[in-house]
Amino acid sequence: MKEYKFLKVARAVFKVLAWLVLSLGIIVGIIVLVTGGAISTAALTPQGTTVPPTPKAAGLVFMIMGALYFLILYTISEVIGLLLEIRETCKPSAA
């Protein structure tokens, strides 16, 4: 099974990325829902203008995108695992 070491590593990387994307998507979505994404530039400009706020509904979009990307990355990870199991099962016996 040495020749498939890369696939084992790739499977683990995809799982970690899937959970990271899901957690960041939820965190960013909640931040946008709560704050609206408005950034004050009063300290940067003498007029004290502000950047137009992001609609709070965009927070839901970030959460949905995070969930969708999680689903895609986790599915890739599971497909790699399934292929490795199929390969292990179909290996010829040492008779």
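The minimum heavy-atom distance linking Leu73 with Ala18 is given by the pair CB-CB, 3.7 Å.
Shown here are the side chain to side chain contact (heavy atoms under 4.5 Å, CB included) partners of Val13, two or more places apart in sequence or in another chain: Val9, Leu17. Looking at residues two or more places apart in sequence or on another chain, you find a side chain to side chain contact (heavy atoms under 4.5 Å, CB included) between Ile80 and Leu7, Ala10, Arg11, Phe14, Ile76, Leu84. Looking at residues two or more places apart in sequence or on another chain, you find a side chain to side chain contact (heavy atoms under 4.5 Å, CB included) between Val61 and Met65.
In the hydrophobic clustering, where aliphatic and aromatic side chains (Ile, Leu, Val, Met, Phe, Trp, Tyr) are joined below 4.5 Å either directly or transitively, Leu71 stands alone.
Hydrophobic clustering (ILVMFWY, side-chain heavy atoms < 4.5 Å, transitive): Val21 and Leu68 are in one cluster.
Annotation: side chain to side chain donor-acceptor pair (under 3.5 Å) contacts involving residues 13-25, sequence neighbours excluded, comprise Lys15-Glu78.
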Let me have the donor-acceptor pairs involving side chains of residues 24-33, under 3.5 Å, with sequence neighbours excluded, atom names and distances please.
none

